[in-house]
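Take a look at the structure set out below.
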Amino acid sequence: MSKPGLHPAQGGPADGASVDPEIFQLIRAEERRQHEKLRLIPSENYATQAVMQACGSVLNNKYSEGYAGKRYYEGQQEIDKIETLAIERLKSLFGVDHANVQPYSGSPANLGVYFAFCKPGDPVLGMGLPSGGHLTHGWKVSISGSYFNALQYGVRKEDHRIDFDEVARLAREHRPKLLFCGATAYPRVIDFPKFAEIAKEVGAILVADIAHISGLVAGGAHPSPVGFAEVISSTTHKTLRGPRGGMILCNREHQKAIDKSVFPGLQGGPHNGTTAGIAIAAKLAATDEFKAYAHAIVDNARALAETLLGRGFSLVTGGTDNHLVLCDLTPQKVPGKVAARALDRAGIVMNYNSVPFDTRKPFDPSGIRLGTPALTSRGMGPAEMKRVGDWIADVVEHVEDDARLDRIAGEVRSLCDDFPAPGVPLES
Ligand code: DSN
């Protein structure tokens, strides 16, 4: 409650729609977009309503530098309990010794890992962006690629699977401090034991960045890196369906270094609403229902891949084991960007993406990247994936046929009406 009579800028009543109709109409429009479009960006999802409530709560108003029991500000009675719950739930969910839930997102989480173990100029080894790695795994334009001696491995030309011969060769030659595994555009299982073997041989710390697949790991739909990677980093908002945030999981040996690196090394106060959201997501991810959800994501990705293969599309590695499909549109002679724009008009949202050994530029690449986490959160299954795959093929085959794209957009809206998006309020 606010004191009546005060202006909103002074702390008075400040209902969003009346204080800032411009912004609130845009939020309403985004709610509509998230309802009526098929969202296939593999890193996106619909956070649970309870998570959204936590993020928009009074926890926004509190500063809490430090860790539970050792804070630099008073008034932490409830915050300490919330952060402890988030940590304990993640420890139990993933079976790890320690969890730091304070990184603001995935990139700060990875920066926290570098700062915990490396000095500028140290050798580090990660998967190159063009092969499906992440910017923060040592790509040249990122701080990880410019502050460290970043070596990059890739995928094999013949089958687009991770080139473990190259990983081992670079590791032996450069003896990196950190070996990063995990990807953003790799449709196959990450072989954590194989990475661990190489890391052990050269004395590197294996870091598994499971941002894309943390929900699959939690739900048993992808093998876990626990027991192989000493450090695990992740976002919390992708397949895990939590808030926009990050986390670092590690064994006891590295707990002190990680905590010190995140605070006070890298960040100030954690975002407490996010911490509460992570706790909620971890609680839900421990249920049998979440396990079924995680497996359904993979089943849906496989169904989508099969439909596209049946329509003559070329998929990187020939299919998928996880939540994403990477499609090379070279045979269709349609650049990824052109396809993604036409698909968006038809109500199907994805991103254009480089494919391994792409001959086109990153801002105008040959592929599109599709994922099933968000559609699965709406309750869609293989039958819907078949429809979605056929629509995608129709659009790519007729990118300039606006009438067709608009007709498909209508059909997409009607499918979306049958599968309400969780956490997305819609005005009647
Ligand atoms: N932006 C994420 C993705 O789309 O894969 C990675 O940070």
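Predicted, not measured: the structure shown is a model, and the values here were computed from it. All values below were derived from every heavy atom in this structure, side-chain atoms included, with hydrogens, water molecules and symmetry-related copies excluded. Order of listing sets the numbers, starting from 1, for every ligand and every atom in it. Note that the numbering runs from 1 along the sequence shown for the chain.
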Does any non-hydrogen side-chain atom of Leu93 lie less than 4.5 Å from one of Phe290? no
Tell me whether Arg241 forms a cation-pi arrangement with Tyr293, defined as NZ or CZ under 6.0 Å from the six-membered ring centre and within 45 degrees of its axis. yes
Centres of the Tyr147 and Phe115 rings: under 6.0 Å? no
Are Leu38 and Cys416 close enough that some pair of their side-chain heavy atoms sits under 4.5 Å apart? yes
Can the ring centres of Tyr186 and His212 be said to be less than 6.0 Å apart? no
Sub-3.5 Å pairs, protein N or O with ligand 1 N or O:
{"from": "ligand 1", "atom 1": "4 (O)", "to": "Ser43", "atom 2": "OG", "distance (Å)": "2.7"}
{"from": "ligand 1", "atom 1": "4 (O)", "to": "Arg369", "atom 2": "NH2", "distance (Å)": "2.8"}
{"from": "ligand 1", "atom 1": "5 (O)", "to": "His212", "atom 2": "NE2", "distance (Å)": "2.7"}
{"from": "ligand 1", "atom 1": "5 (O)", "to": "Arg369", "atom 2": "NH1", "distance (Å)": "3.0"}
{"from": "ligand 1", "atom 1": "7 (O)", "to": "His134", "atom 2": "NE2", "distance (Å)": "2.9"}

Could you check whether any side-chain N or O of Asp122 sits under 3.5 Å from a backbone N or O of Lys177, counting only pairs where one atom can act as donor and the other as acceptor? no
